[in-house]
Peer 1: 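I'd like to ask you about the structure that follows.
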Amino acid sequence: MKKMVFSALLILFLPAVVFAQEKVEAPVWNVGDKWVFTGGASIEVIKAGKNMYILNFSKNICPQESAGFDKIAFEKSNLDRSHTLDGDKLKKYSSYIKKRFNFPYNPGKEWKDTCSAKAYTGPMSGATLDFSETFKVLGWENVEVKAGKFRALKLSYSQEITGPPSPIMGYVGVAMYWYSPEVKYFVKCEYEPFYFLGLPNWELTSFQLKK
């Protein structure tokens with residue numbers, strides 16, 4: 001009888017253990033943490049305050065990643081993008097992938113966001129458009145990039161233009177990201193070429209994490 005009770009409790013307990021192991025909380029970034037990507041593009045933590053981090057994006061970083069800004073502030077709690085910096089002045093962030101991190105991560109988690117931002121590619125390049133975004137954590141994968149081999153969570157990102165009218169309005173573009181807890185950032189990104197015309201796929205080539 002005791003064995004049966006124990007087995008029943010084990011069955012109930014194991015899913016919670018597995019879930020806890022799969023759940024990934026927001027990483028702690030430190031000043032000097034730096035990630036270098038294809039073509040020498042880099043992202044570096046330049047300030048860690050009480051409630052936010054400030055990251056510097058190199059000029060040659062993918063425009064979808066930087067959204068056209070040199071410095072972006074991230075909320076410490078979930079790494080949502082909160083502000084951009086113009087000199088020492090903070091301006092509310094209102095562009096692409098604001099909630100791409102949105103920690104904690106766990107397989108199956110899905111969330112949405114909207115924004116108005118400048119298009120960087122395609123027939124509407126330069127125009128300010130309204131976008132709908134959908135994010136979903138698909139699961140764990142082992143990936144190999146120039147910086148090494150990592151166990152990473154694969155994240156799908158879907159973007160759709162909702163207005164004003166454009167040649168690709170109603171078409172959903174998809175990009176895939178791989179996030180590594182070991183690296184504390186994404187190690188790889190692949191863009192669908194039709195919708196994200198001209199945006200290069202990228203991967204991590206090296207990184208340094210400060211203590």
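Below, each value reflects all heavy atoms present in this structure, side chains not excepted, and no hydrogens, waters or symmetry copies. The structure presented is a predicted model; accordingly, all values stated were derived computationally and were not measured.
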Peer 1: Taking Ser132 for the side chain and Glu160 for the main chain, is one N or O donor matched with an acceptor at less than 3.5 Å?
Peer 2: no

Peer 1: Once you round to the nearest 0.5 Å, how far does NE2 of His83 lie from NZ of Lys89?
Peer 2: 14.0 Å

Peer 1: Can you check whether Glu65 reaches Phe57 side chain to side chain, under 4.5 Å on heavy atoms?
Peer 2: yes

Peer 1: Can you tell me how far CE of Met52 sits from CG of Leu79, rounded to the nearest 0.5 angstrom?
Peer 2: 12.0 Å

Peer 1: Quick one: do Val24 and Phe103 satisfy side chain to side chain contact (heavy atoms under 4.5 Å, CB included)? Show the steps, please.
Peer 2: CA-CA 7 Å; Val24 176; Phe103 284 101; 4.1 Å; yes

Peer 1: Give the minimum heavy-atom separation between Ser206 and Ala147, together with the two atoms involved.
Peer 2: N-CB, 3.8 Å

Peer 1: Can you confirm if the aromatic rings of Tyr157 and Phe135 lie within a centre distance of less than 6.0 Å?
Peer 2: yes

Peer 1: Please answer whether the main-chain N or O of Lys146 pairs with a side-chain N or O of Glu203 as donor and acceptor at a distance below 3.5 Å.
Peer 2: yes

Peer 1: Verify the distance criterion only: is there a donor paired with an acceptor across the side chains of Thr84 and Lys91 at less than 3.5 Å?
Peer 2: no

Peer 1: Mind checking side chain to side chain donor-acceptor pair (under 3.5 Å) for Lys59 and listing every partner two or more places apart, or none if nothing turns up?
Peer 2: Asp70

Peer 1: What residue among Arg100, Lys99, Glu75, Lys92 forms side chain to side chain contact (heavy atoms under 4.5 Å, CB included) with Arg81?
Peer 2: Arg100

Peer 1: Answer yes or no for Lys76 and Tyr53: cation-pi contact, defined as NZ/CZ to six-membered ring centre under 6.0 Å and angle to ring axis within 45°.
Peer 2: yes

Peer 1: Quick one: does Tyr93's side chain have a donor or acceptor within less than 3.5 Å of a partner on Tyr96's backbone?
Peer 2: yes

Peer 1: Measure the spacing between CD of Glu190 and CG of Leu199 and express it to the nearest 0.5 Å.
Peer 2: 13.5 Å

Peer 1: Please name the residue in the list Tyr179, Tyr177, Trp140 that meets the ring-ring contact (aromatic ring centres under 6.0 Å, His included) test with Tyr105.
Peer 2: Tyr179

Peer 1: Is a side-chain donor or acceptor of Asn60 paired with a backbone partner of Gly39 at a separation under 3.5 angstrom?
Peer 2: yes

Peer 1: Is the number of heavy atoms from other residues, nucleotides or ligands within 6.0 Å of NZ (Lys109) greater than 12?
Peer 2: yes

Peer 1: Centres of the Phe101 and Phe186 rings: under 6.0 Å?
Peer 2: yes

Peer 1: Going from CG on Leu209 to CD on Glu182, what distance comes out if it is rounded to the nearest 0.5 angstrom?
Peer 2: 8.5 Å

Peer 1: Are the side chains of Ser116 and Leu129 in contact, using a 4.5 Å heavy-atom criterion?
Peer 2: no

Peer 1: How long is the gap from OG1 on Thr134 to NZ on Lys112, to the nearest 0.5 Å?
Peer 2: 3.0 Å

Peer 1: Taking Asp113 for the side chain and Glu133 for the main chain, is one N or O donor matched with an acceptor at less than 3.5 Å?
Peer 2: no

Peer 1: Can Tyr171 and Gln159 be said to form a side chain to side chain donor-acceptor pair (under 3.5 Å), step by step?
Peer 2: CA-CA 9 Å; Tyr171 185 88; Gln159 185 188 89; over 6 Å; no

Peer 1: Looking at the rings of Tyr185 and Phe207, which for Trp means the six-membered one, are their centres under 6.0 Å apart?
Peer 2: no

Peer 1: Grab the two heavy atoms, one from Lys210 and one from Gly32, that are nearest each other, plus how far apart they are.
Peer 2: CG-C, 3.6 Å

Peer 1: So, Asp130 and Thr162: side-chain donor and acceptor under 3.5 Å apart, yes or no?
Peer 2: no

Peer 1: With a cutoff of under 4.5 Å between side-chain heavy atoms, which Ile, Leu, Val, Met, Phe, Trp and Tyr residues group with Val31?
Peer 2: none

Peer 1: Considering only residues two or more places apart or on different chains, which pairs with a residue in residues 25-49 satisfy side chain to side chain donor-acceptor pair (under 3.5 Å)?
Peer 2: none

Peer 1: Nearest 0.5 angstrom please: Trp178 CH2 to Cys189 SG, how far?
Peer 2: 8.0 Å

Peer 1: Is there side-chain contact between Leu55 and Ile46, with heavy atoms separated by less than 4.5 Å?
Peer 2: no

Peer 1: Taking all non-hydrogen atoms of both residues, which atom of Gly173 and which atom of Tyr195 are closest, and how far apart?
Peer 2: CA-CG, 3.4 Å

Peer 1: Quick one, Leu85 and Ile72 - any side-chain contact, counting heavy atoms below 4.5 Å?
Peer 2: no

Peer 1: For Val183 and Phe150, what are the C-alpha separation, side-chain angles and deciding distance, and is it a side chain to side chain contact (heavy atoms under 4.5 Å, CB included)?
Peer 2: CA-CA 8 Å; Val183 171; Phe150 304 98; 3.5 Å; yes

Peer 1: State, with a plain yes or no, whether a side-chain heavy atom of Tyr191 is found less than 4.5 Å away from one of Asn201.
Peer 2: yes

Peer 1: Answer yes if Val137 and Val187 sit in the same cluster of Ile, Leu, Val, Met, Phe, Trp and Tyr residues linked by side chain heavy atoms under 4.5 Å apart, and no otherwise.
Peer 2: yes

Peer 1: What's the shortest heavy-atom distance between Ser94 and Cys115, and which atoms?
Peer 2: O-CB, 4.1 Å

Peer 1: Is a side-chain donor or acceptor of Lys188 paired with a backbone partner of Val145 at a separation under 3.5 angstrom?
Peer 2: no

Peer 1: Is Ile61 close to Ile43 at the side-chain level, that is, under 4.5 Å between some pair of heavy atoms?
Peer 2: yes

Peer 1: Evaluate the criterion side chain to side chain contact (heavy atoms under 4.5 Å, CB included) for residue pair Asp80 and Asn102; output intermediate values, then yes/no.
Peer 2: CA-CA 6 Å; Asp80 281 354; Asn102 197 33; 3.8 Å; yes

Peer 1: Is the side chain of Thr205 donor-acceptor paired with the backbone N or O of Val36 at a distance under 3.5 Å, no angle test?
Peer 2: yes

